[in-house]
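Notes follow once the structure below has been shown.
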Amino acid sequence: MNRHNNNSSFTTTAGDTTMQSALIKKTLGMATMLAASFLAQHSFAQSANCSYSISNEWNTGATGAITITNTSTTAINGWNIGWQYTTNRLSSSWNATVSGSNPYAATNLAWNGTIQPGQSVSFGFQVDKRGGSAERPTVTGSICGGSVSSTPASSSAPASSARSSSSPIALSSSASSRSVASSSIASSPASGQQCNWYGTLYPLCVTTQSGWGYENNKSCISRTTCTSQPAPYGVVGGGSSVASSIALSSSSAPSSVAPSSSSIGSSIGSSVASSIAPSSSSIRSSSSVASSAASLSLKALADFPIGVAVRAGSEANSVLGSSQQQSVLFQHFDQLTAENIMKMSYMHPSETTFSFANADALVDFARQNGLSVHAHALIWHEDYQVPNFMKSYSGDFPAMLKTHVQTIAAHFSGKVASWDVVNEAIAENSDGNAVNGFRNSVFYQKMGVNFIDQAFIWANEADPVADLYYNDFNTETNDAKTTRMLNLVDGLKARGVPIDGVGFQMHVLPDWPSIANIEASFRAVAQRGLKVKITELDVRVNNKYNSSAPVYTSLTTAAAAAQAERYRQIVAAYLRAVPAAQRGGITVWGTWDAQSWFASDPDWPLLFDNNFQPKPALQGFANGLTGQ
Ligand code: G3I
């Protein structure tokens, strides 16, 4: 698969291998030392050009890609490269397994380890610029060669002597874009003190006396809540202690907050707030973290994205205008999905009109607040989401659909971490109109299953670095629909279609599907080397399809407790079934019960109640993450 980024880049080429070895050994940490050692034993082993490019840059951060192009005449099977920043720090990455915390090392995933002669593989990342400009460091590794042929004078990593020899597991104080954004917030008390909330700095509230608050258009943490956090967190600053208290180098960080290199490795891909949070094992032993809803932070407990669906644009309850939503969002989540406004009809209302303003505002909001974006959805059959012009299109349908996919994917390239490329193409088990197991949509009628292949190919061409998902519901059932989904992804992979993962929507009932079937369904996808993402999780308390099930007309204590346990079990099943490198994350389909698409049933399927108060379900989710 050629996931190549054509943006401006700087390329490494082979040079003096002794120099390379010395340079690398002096400058890189343990992870990249492995690559250096390999290089020393394989002089002139360079077989690829390795380039680092910036695709987008804004005040506090940037996105980019590292591209490895096979310049030899034989296939590359597996790759391992490294790089190091002077000022910037990585906040997330995708399409590679990244370890370290400056220097960084990256290795291939199962599907992108082979690079045929002349072909390229790219993986993407986001950096926090930490007050500097976007750097373009040298990419090193045995397949790249180690010398630098093109090093920009102003923005590249410095020569070896200027690079620190920090351990690859050293924790960087402000490796989070959230940290920088937060530390620039002007609403802290005059003392200059702030709250170090598991590695992210927030302003201390001026008027809010307990819990989280929202003042001067920013989330803040009350002094009482902040001071109750375990060391080294809590109130910092008011002098030089700010820097020292958040500079969690591996040598200064207490062992309870120093993640193992493996936990750091798997943390890349979620926000850095989570990567510098305590490892799950240390959280497990810290009952003070999990026992209080006020101090709980889901994202701090996970080394993969924890997302939530939000409304924006002209929808009621836009997250952009709701301080209550934002307060919950910033405390618990590091990824968002537009519940509606990035769907087909919103983005492409007429053949010649693309409408990006509302989605742009939401994506900008996410980036400004250190959140990544999982985008939903490029193609969805649902009648009211298919633009009217597409339903009766009489021209070249594939050409029209290609324009649709590529215009949207290109617009958001570098700004979203992943896409639901095709949503709900597989027929329900009971669908009498199904064709070959597929939903008889306008897309299937016009192109057969090829619409799915082409959608991924087109999306990949327009955005070579975003993770590309097939997304569906009732596929976590381990039944006939799951089998049809697995057959689809097997076919896509066999045909070389660039799919990265499968999204399980997971709008589940209190008693269906069974945890065993959910786990088996996750496992089946993971065993195919694909990422697994829970994309739209909600857990109803009523099962209206089962006449013998209890009927709740309000969220009773018993119903809430059962729901919490269901959340715990689902999250635990995800962790058991999906290897760390393949965890695309877990997204909840809404913040608070009143927002849920099941609100009028009535049901109460989310983590916060109608007053934005945390429900037992929140603790259940957290307990699933921590293994309690
Ligand atoms: O914003 C308009 C509002 O202006 C108008 O007055 C009102 C009147 O009906 O409608 C509002 O829009 C509604 C919107 O939800 C709320 O913002 C739409 O009619 C309604 O169709 C839309 O429903 C959404 C549904 O998808 C259809 O797009 C739900 O919120 C959303 O939760 C649901 O999400 C889907 C996923 O995309 C795919 N998987 C299943 C999931 C649940 O159905």
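Fair warning: this is a prediction, and the values are worked out from it, not measured in the lab. Heavy-atom basis, side chains included; hydrogens, waters and symmetry copies ignored. As the structure lists them, so they are numbered: ligands from 1, and atoms in each ligand from 1.
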Can you pull out the closest protein heavy atom to [atom]? Residue, atom name and distance to 0.1 Å, please.
| atom | answer |
| --- | --- |
| atom 41 (C) of ligand 1 | Glu536 OE1, 3.4 Å |
| atom 17 (O) of ligand 1 | Glu315 OE2, 2.5 Å |
| atom 15 (O) of ligand 1 | Asn340 ND2, 3.5 Å |
| atom 13 (C) of ligand 1 | Tyr346 OH, 4.9 Å |

Query raised in the report: Which residue, Tyr469, Phe412, Trp589, forms the ring pair (Phe, Tyr, Trp, His ring centres under 6.0 Å) with His376?
Result: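 Among Tyr469, Phe412, Trp589, the one meeting ring pair (Phe, Tyr, Trp, His ring centres under 6.0 Å) with His376 is Trp589.
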Query raised in the report: Ring centroid separation for His332 and Phe608, is it under 6.0 angstrom?
Result: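 Yes.
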For ligand 1, which atoms have a heavy atom of [X] less than 4.0 angstrom away?
| X | result |
| --- | --- |
| Asn423 | 38 (C) |
| Gln505 | 38 (C), 39 (N), 40 (C) |
| Trp589 | 31 (C), 32 (O), 34 (O), 36 (C), 37 (O), 41 (C) |
| Glu424 | 38 (C), 39 (N), 40 (C) |

Between [Y] and [X], is there a salt bridge with N-O shorter than 4.0 Å?
| X | Y | answer |
| --- | --- | --- |
| Lys544 | Asp603 | no |
| Asp453 | Arg495 | yes |
| Lys533 | Asp467 | no |

Query raised in the report: Does a side chain donor of either Ser322 or Gln324 reach within less than 3.5 Å of an acceptor in the other side chain?
Result: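 No - no donor-acceptor pair under 3.5 Å links their side chains.
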Query raised in the report: Between the side chains of Gln595 and Gln325, is a donor N or O closer than 3.5 angstrom to an acceptor N or O?
Result: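 Checked: Gln595/Gln325 side chains show no N/O donor-acceptor pair below 3.5 Å.
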Query raised in the report: Which residue, Val308, Asn317, Val328, forms the side-chain contact (heavy atoms from CB on, under 4.5 Å) with Trp592?
Result: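 That would be Asn317; it is the only one of Val308, Asn317, Val328 passing the side-chain contact (heavy atoms from CB on, under 4.5 Å) with Trp592.
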**Report entry** Residue of the set Asp420, Val421, Leu401 for which side-chain contact (heavy atoms from CB on, under 4.5 Å) holds with Ile379
**Finding:**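 With Ile379 as partner, side-chain contact (heavy atoms from CB on, under 4.5 Å) holds for just one option, Leu401.
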If we count only non-hydrogen protein atoms and require a distance under 4.0 Å, does [atom] qualify as touching the protein?
| atom | answer |
| --- | --- |
| atom 10 (O) of ligand 1 | no |
| atom 3 (C) of ligand 1 | no |
| atom 6 (O) of ligand 1 | no |
| atom 36 (C) of ligand 1 | yes |
| atom 29 (C) of ligand 1 | yes |
| atom 19 (O) of ligand 1 | no |

Query raised in the report: With distance as the sole test, does His404 use its side chain to make a donor-acceptor pair with the main-chain N or O of Gln406 at under 3.5 Å?
Result: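 Not confirmed, His404 side chain does not pair with Gln406 backbone.
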Query raised in the report: Does Lys531 use its side chain to pair, donor to acceptor, with the backbone of Val525 at less than 3.5 Å?
Result: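 A pair under 3.5 Å: no.
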Query - contact_flag Glu382 ligand 1 heavy-atom lt 4.0 Å - result: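 Not so, Glu382 does not reach ligand 1.
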Query raised in the report: Any non-hydrogen atom of Tyr384 lying under 4.0 Å from ligand 1?
Result: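 Yes, Tyr384 has heavy atoms under 4.0 Å from ligand 1.
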Query raised in the report: For ligand 1, is any non-hydrogen atom under 4.0 Å from Phe473's backbone (N, CA, C, O), its side chain (CB onward), both, or neither?
Result: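 Neither; nothing of Phe473 gets under 4.0 Å from ligand 1.
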Query raised in the report: Relative to atom 26 (O) of ligand 1, which among Lys343, Gln385, Glu339 owns the nearest non-hydrogen atom?
Result: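 Minimum heavy-atom distance to atom 26 (O) of ligand 1 goes to Lys343.
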Report task. Say whether Trp597, considering both its backbone and side-chain N or O atoms, lies within less than 3.5 Å of an N or O atom on ligand 1. Result ->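 No, Trp597 has no N/O under 3.5 Å of an N/O on ligand 1.
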Report task. Working to the nearest 0.5 Å, report the span between CZ of Phe504 and OH of Tyr470. Result ->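 Reported value, rounded in 0.5 Å steps: 11.0 Å.
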